[in-house]
Amino acid sequence: MKKHLSMLRIPPLLLLVTLFLCSILTLAPAATAAIVSEPVTKVHKAGVCALRGQCGKKSFFGGQLPCPDNGPAEEPEASVRKQLVDICGATWNEGPVCCDRDQLESLASNLKKAENLIAACPACKANFFDLFCTFTCSPDQSLFLNITSTQELRGGKTIVTELDYFVSEKFGSGFFDSCKDVKFSATNGYVMDLIGGGAKDYKAFLKFLGDEKPFGSPFQMNFPAGDEMNAPMEQMDNSPKRCNDTDVSYRCSCVDCPSVCPELPEVQTGKDCKVGIIPCLSFAVITIYSFLLLIIVGWYSAHSAWKVHRDRRARLRLLQESAPSDDEDEGDVVDAGMIERSRGEYLLNTYIDKFFSRLGETCASCPTVTIVISVVCVGLLSLGWLNFSVENDPVRLWVSPTSEAAMEKQFFDDNFGPFYRAQQAFLVNDTTDAGPSPTLDYDVLGWWFDVENRIRRMKSLTYGVTLDDVCFKPTDSGCVVQSITGYFGNDFWNLKEATWKKDLRSCTAQPVQSQCLPDFGQPLNKELLLGGWEESGDVAEAKAMIVTWVLENHPEGSEELERSMDWERSLKSTLIAVQSEAKERGLRLSFSTEISLEEELNKSTNTDAKIVVISYIAMFIYASFALGSTGFAIARIFNQPSKILIESKFTLGIFGIIIVLMSVSASVGLFSAMGVKVTLIIAEVIPFLVLAVGVDNIFLIVHEFERVNHSHLGDSVEIRVGKAMGRMGPSILLSASSETISFALGAIVTMPAVRNFAIYAAGAVFINAVLQVTMFVAVLALNQERVEDSRMDCFPCFRVPGENRDNGHLNGLTTRDIRMPAYPVEESILQGFIRKKYAPGLLQRKAKWGVMMLFFGLFTASLALLPKIELGLDQRIAIPTDSYLIGYFNDLYDYLGVGPPVYFVTQEYNITQAHEQQALCGRFSTCDTYSLSNVLEQERKRPETSYIAEPAASWIDDYFLWLNPSLEKCCRVKKRDPSQLCGEFDNDRQCKICFEDRDPAWNITLSGMPQGQEFLDYLNVWIKAPTGEDCPLAGKAAYSHAIVPDYERTTINATHFRTSHTPLRSQQDFIDAYASARRIADTISRNAGIRVFPYSKFYIFFDQYSTIVNLTGGLLMAALGCIFLVSTILLGSIKTGFVVSATVLMIVVDIIGVMAVWGVSLNAVSLVNLVICVGIGVEFCSHVARAFMFPSRSVVDRAKAKFRGRDARALGALVNVGGSVFSGITVTKLIGVCVLAFTRSKIFEIYYFRMWLALVVIGATHALIFLPVALSSFGGEGYLPDDGPGGLEEDLRSRTYRNLVPAEYDSSSEEE
């Protein structure tokens, strides 16, 4: 897990800068004398010193302090001169100085420590050295130094305790500018955070350097402004070196100096095309629709005016004529409804009709055998349940294992280990009407110290492990707990009521101070600890306190992982109890553990399962009763109530539902046996889909069979069943084949959630259709035999008293023998409404125009709303509305000031060679202009598009800098075994400094750097070198798990360069951050010729959104193409096939428009529902379309005279199947969907209730309103009516049936 040091900061190793300041000057032994306040530096002129030498210490643990000396500067000894030149440069080759050997030794020691941090930028190093070399040795000290306070020691010596150092603005600002952008890779931060306390200007920088601190500057060094000087003093005004200096020896790299960086190409952000505030697509479709509407209205107005004029002329002509013409037709048009010439028989339909007729007769003739065979087949398929498994892993659910993102995650885990486990809590003060208020006070902090101590001591329930057993320890000393208590050493006794705010402000400004370090030794980032302080600028006024416990992660199934999860469960229980304690204090605690989300999702699933079951039960009950009431006459209920017991079809409805469940079981069994895992989406959606399709088909079969029963009274049950199936079978084939093929297309999608759903859905719909035309037909035949034997529904063993056994059974009789049945035939209220009112009114010319304009208007509006569709699935939606995680996610977005870490990973790249090294590095003069490090640094400077917030941790730069022999404490190895580092107490005779005598010497051009095996040998030493105060560039802490060397093949298998994203506050931010990281990685790969990919823990879940728009469009269009092809073939008309496909397209687009208005985002869940919309849209439309193409003779013949041709066939289609579509699929689904409104799960409310409600309403209105109108206007030519073979027998049957119908019914009836 140490590879994830990325999220932490290396201990400022600790205090190198502050320790450097400790020794910059020399001091003396313990003081007891009073402080002298009178002026010390009395002479201020060139050639005169202000201080010199070392006089002692303030305390036993203090550093040496200088002696005040206002004497003249002196020429140093030759050895001192050489020492001075070696330290401060050739400018000190001549002239008197104000320092001695002891001072130079102390100066050299401490400058070396600072050099560890700033050596990468020559200009910053030169200015840093210049500031303190001038301070220590300048012969003109007295001109810019003024000692303001001294202290006399016991031995009589006097030490300097405070002074003023006058530095010009030119040098101060130049010094700050040269260092402000220098990076310290190991911490993903800036050197300025370590040497300047995060200063934002040169004054704050110099103040931090000069402030007296226990482990910093040993005395107070002030840097007053120039106007505070007294004559003849002058400011130190040396010329600072710039990071982009014209002298290349001082020029810094791009990583540390933005002004020398190449300009990256501008990012094409893909800004939305807009006309004003309206998206271009919306503007275009609205404009086109308005233009067409204007044309239609104009044409209609002109046509109406012309028609009025024509009628007026016709009336005048009639008045002028004396007698009617012989050519005029007197009387009604014969077969007015069929005035359109039909195209004869459609051979394919005839063959399909005959096939289903024979299939129906066969199944009805052998019902028991058919049922047994069906049950056996379903049972055999259901054996696959033995291999049943549910896919719960979100990674394997949403991302294909062969996808790029999944393979990259696997590569990262295999090489660098699983990402750590984070547990996080927010303590917020927002429980009052005043809103969020400051959270921190002394009492709250005291209570929280106790909470954390309890958590540290807590033992898990099963394994009895403590935090220390499972936590992440990057430095093997202390658990990583990111908490404000760390600023106080995790000890309440360090928290002082009078000074805690001051101490907190000091630690957040300078987290590298030793008293601010937690027990794991890493400085704490205030952005990870406090939130909501930005407005006031005072961290003590923060509105949220954030605490993070970091645990080691382990491979799935390991005992170590189980131990971690066990501790997390105990932590969850503890924090739930702490929530009550926080509430008592007027605070609110929100939290999440690594296991919380999965547990809450399962809880949501269990809650949803109850609602889903209730929904299905409601639909089952309705379907059973609705089927049972088929053919009931209201008068019969009162006149012959005993008939209800016979004519009821409740048992038939139950069997219909059982068949639906059998098809689902068989599909699950079949594909489980094939190794296709079930997902929660499948479990929740497939029954809904199959029930919608199955119930509709059952209603159609039963209704058609009722009609056949009354029109073919003399036929046997088998023949009647065959005739019903001959008419409805092709319609079922049309819908089932369209749906099956459409769903099967989804199997080519790589996203498992969508692919598995498509496979199960296609199988369930196909099996359901097969069972309906076989097993259900057999049950239907048995039910009819029960009816004709006057036996009770639900209790077939009992016969209703007083009823004849031959009721309704006229087999063997001629038409002359047919007698009036015991009760009159009466249509249902719904069928009567459709036949008498709805269909005739809908097909009026004006009504048709209105429908067309309305539905095309809705379609246009939906198209205009397409750009408003958002992507993503907010985690807060996926969990129950009462989940404790809701508050946590809200706080996470509101208060956390840092984004997730991101790694740029190199794959199989041989970095042991110079050319490859140059493609990665950023700190050396020969690094490629567009190297990985340089590109990441440039991208960091435009976070609004790159979403990169921090400098990248470049291991290769730190590795090469570590080899610099001037950093004597870094690469120091044993002479006998160079693979072993020398320890602190090893003497120089046993050790040697790497690259000390190398030819060519270490340099910033990379010339002479190790390559091949030597590169790996030094690398092996570096990644084992402990990071410490003397050498912060050592690689163990920061990089030991960031590099995967292959010593056998002399190459590097994998490495990563670590940085972090900006705070991501929304799903769109996460999607854009992922897309940006992909873009950056592709740019690096293309420029450097290496395989680089980005990785962050959340990427695997957002990879789907890079392709989901194209995937959705492609999948839906492919499905519509299949629907068009199948409809055209089975209906025998390109025009009708196009109308059906266009109607389904309008249904889907309108639903997408509802998604935009109703806040339903596009993601895998909604994509599955859109695929369902296609399937159920076909179910809504296919039966109406087929009834239109193959009309019922009796309905069309008795259509009113004004409905001819396509209008008559459209009316017939509505009368024939409109009632079944409404009472079957529409009402059934509406009942089930309304139950979902009571769910506590947001995801069910948004992605199921809203989408399915829209589907039912939009699908029903399009099928029952728009489609008949569209067919009557644009449908293809019909075929011969398929009421039967025709001829005398059919004519007699038709006339007989009409004679049975009361006069008042026949006068307004088209068919019964």
Side-chain angles (χ1 to χ4, degrees), residues 3 120 183 185-186 253-256 261-262 264 408 411-412 414-416 902-939 951-964 971 994-995 998 1000 1002-1023 1033 1035 1038-1059 1077-1095:
K3 70 267 176 203
K183 312 303 183 303
S185 296
S253 66
C254 167
V255 171
D256 298 321
C261 291
L264 293 179
E408 289 169 352
F411 181 87
F412 187 92
D414 291 344
N415 286 277
F416 307 115
V902 55
Y903 303 84
F904 287 87
V905 182
T906 66
Q907 200 171 355
E908 292 291 341
Y909 191 56
N910 189 10
I911 307 170
T912 63
Q913 302 302 314
H915 180 267
E916 284 74 15
Q917 294 164 4
Q918 292 167 341
L920 298 181
C921 69
R923 291 288 185 83
F924 299 87
S925 59
T926 57
C927 295
D928 291 347
T929 302
Y930 293 102
S931 68
L932 185 149
S933 296
N934 284 339
V935 169
L936 290 181
E937 174 58 22
Q938 287 297 84
E939 292 289 354
S954 175
W955 67 266
I956 193 168
D957 287 318
D958 284 357
Y959 169 45
F960 285 150
L961 289 171
W962 176 79
L963 293 172
N964 188 349
C971 191
C994 305
F995 277 57
R998 193 177 181 92
W1002 187 96
N1003 58 82
I1004 63 171
T1005 66
L1006 291 182
S1007 175
M1009 287 296 180
Q1011 298 184 39
Q1013 188 60 47
E1014 185 186 28
F1015 179 92
L1016 292 180
D1017 291 341
Y1018 277 115
L1019 181 70
N1020 186 45
V1021 177
W1022 176 65
I1023 60 178
L1033 296 172
Y1039 301 115
S1040 59
H1041 287 76
I1043 309 163
V1044 185
D1046 188 336
Y1047 296 103
E1048 293 183 0
R1049 297 192 298 142
T1050 316
T1051 187
I1052 303 292
N1053 291 333
T1055 69
H1056 67 59
F1057 293 73
R1058 182 187 64 251
T1059 180
R1078 280 284 179 202
R1079 174 187 59 78
I1080 294 170
D1082 291 343
T1083 299
I1084 295 171
S1085 299
R1086 184 170 56 254
N1087 292 338
I1090 59 179
R1091 170 77 172 98
V1092 177
F1093 69 84
Y1095 176 78

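We're numbering straight along the sequence, starting at 1. Excluded from the calculations below are hydrogen atoms, water molecules and symmetry mates; all remaining heavy atoms, backbone and side chain alike, are included.
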Practice item. Hey, could you give me the CD1/OG distance between Ile1090 and Ser1085, rounded to the nearest 0.5 Å? Key: 6.5 Å

Review point. So do Gln907 and Phe1093 actually touch side chain to side chain, heavy atoms under 4.5 Å?
Key: yes

Review point. Given side chains that start at C-beta, do those of Ile1004 and Thr926 come closer than 4.5 Å, heavy atoms only?
Key: no

Review point. Are Asp1046 and Arg1049 ion-paired here, with the side-chain N under 4.0 Å from a carboxylate O?
Key: yes

Exercise for review: Check the pair Ile1052 / Leu1019 against side-chain contact (heavy atoms from CB on, under 4.5 Å), numbers first and verdict last.
Suggested key: CA-CA 11 Å; Ile1052 303 292; Leu1019 181 70; 3.8 Å; yes

**Study point:** side chain to side chain donor-acceptor pair (under 3.5 Å) against Thr1005, all qualifying residues, sequence neighbours excluded
**Key:** Asn1003

Practice item. Give me the ring orientation class for Phe1015 and Tyr959: parallel if the planes are under 30° apart, tilted from 30 to 60°, perpendicular past 60°. Key: perpendicular

Point to revise | Flag side-chain contact, heavy atom, 4.5 Å: Val255 against Pro951 | key: no

Practice item. Applying side-chain contact (heavy atoms from CB on, under 4.5 Å), run through Leu936 and Ile1080 and close with a yes or a no. Key: CA-CA 8 Å; Leu936 290 181; Ile1080 294 170; 3.8 Å; yes

Study note, to complete from the structure: Value for OG (Ser253) from CG (Asn934), rounded to nearest 0.5 Å, stands at 7.0 Å

Check your understanding: Taking C-beta and beyond as the side chain, do Val1044 and Thr1055 meet within less than 4.5 Å on heavy atoms?
Key -> no

Practice item. Compare all side-chain heavy atoms of Leu932 with those of Ile956 and state whether any distance is below 4.5 angstrom. Key: no

**Study point:** For Pro1045 against Leu1016, the heavy-atom pair lying closest together
**Key:** CB-CD2, 4.1 Å

Review point. Hey, is the main chain of Cys921 close enough, under 3.5 Å, to the side chain of Asp957 for a donor-acceptor pair?
Key: no

Check your understanding: Considering all heavy atoms of both residues, which atom of Pro1010 and which atom of Gln917 are nearest to each other, and what is their separation?
Key -> O-NE2, 3.4 Å

Check your understanding: Is there a donor in the side chain of Asn1020 and an acceptor in the side chain of Tyr1047, or the other way round, less than 3.5 Å apart?
Key -> yes

Review point. Can any side-chain N or O of Trp1002 pair as donor or acceptor with the backbone N or O of Cys994 at less than 3.5 Å?
Key: no

Check your understanding: Does a donor on one side chain sit under 3.5 Å from an acceptor on the other, for Ser931 and Asp928?
Key -> no

Study note, to complete from the structure: Here the gap from Tyr1018 atom OH to Ile1023 atom CD1, rounded to the nearest 0.5 Å, amounts to 15.5 Å

Exercise for review: Please lay out, stage by stage, how Val905 and Phe412 fare under the test side-chain contact (heavy atoms from CB on, under 4.5 Å).
Suggested key: CA-CA 8 Å; Val905 182; Phe412 187 92; 3.9 Å; yes

Review point. How long is the gap from CD on Gln1011 to OG1 on Thr912, to the nearest 0.5 Å?
Key: 7.5 Å

Point to revise | Residues which pass side chain to side chain donor-acceptor pair (under 3.5 Å) with Glu937, listed by chain and number, not counting sequence neighbours | key: Lys183, Arg940

**Study point:** Cysteines Cys927 and Cys254 with SG distance under 2.5 Å
**Key:** no

Exercise for review: Would you check if Pro1094 and Arg1078 make a side-chain contact, meaning some heavy-atom pair closer than 4.5 Å?
Suggested key: yes

Exercise for review: Working to the nearest 0.5 Å, report the span between OG of Ser1040 and CH2 of Trp1022.
Suggested key: 9.5 Å

Review point. Tyr903 and Phe1057: ring-ring contact (aromatic ring centres under 6.0 Å, His included), yes or no, with the steps?
Key: CA-CA 6 Å; Tyr903 303 84; Phe1057 293 73; over 10 Å; no

Check your understanding: Which heavy atom of Arg998 sits nearest a heavy atom of Gly1008, and at what distance?
Key -> NE-O, 2.8 Å

Check your understanding: Would you say the side chain of Gln938 lies within less than 4.5 Å of the side chain of Val935, judging by non-hydrogen atoms?
Key -> no

Study note, to complete from the structure: Tightest non-hydrogen contact, residues Asp958 and Tyr1039, listed as OD2-OH, 2.9 Å

Review point. What about His1056 and Phe416, are their ring centers closer than 6.0 Å?
Key: yes

Review point. Side chains of Ile911 and Thr1051: does their closest heavy-atom pair fall under 4.5 Å?
Key: no

**Study point:** Point-to-point distance, once rounded to the nearest 0.5 Å, from CZ of Arg1091 to CZ of Phe411
**Key:** 8.5 Å

**Study point:** Glu916: partners by salt bridge (Lys or Arg N to Asp or Glu O under 4.0 Å), with sequence neighbours left out
**Key:** none

Exercise for review: Would you please test Glu1014 and Met1009 for side-chain contact (heavy atoms from CB on, under 4.5 Å) and show each step?
Suggested key: CA-CA 9 Å; Glu1014 185 186 28; Met1009 287 296 180; over 6 Å; no

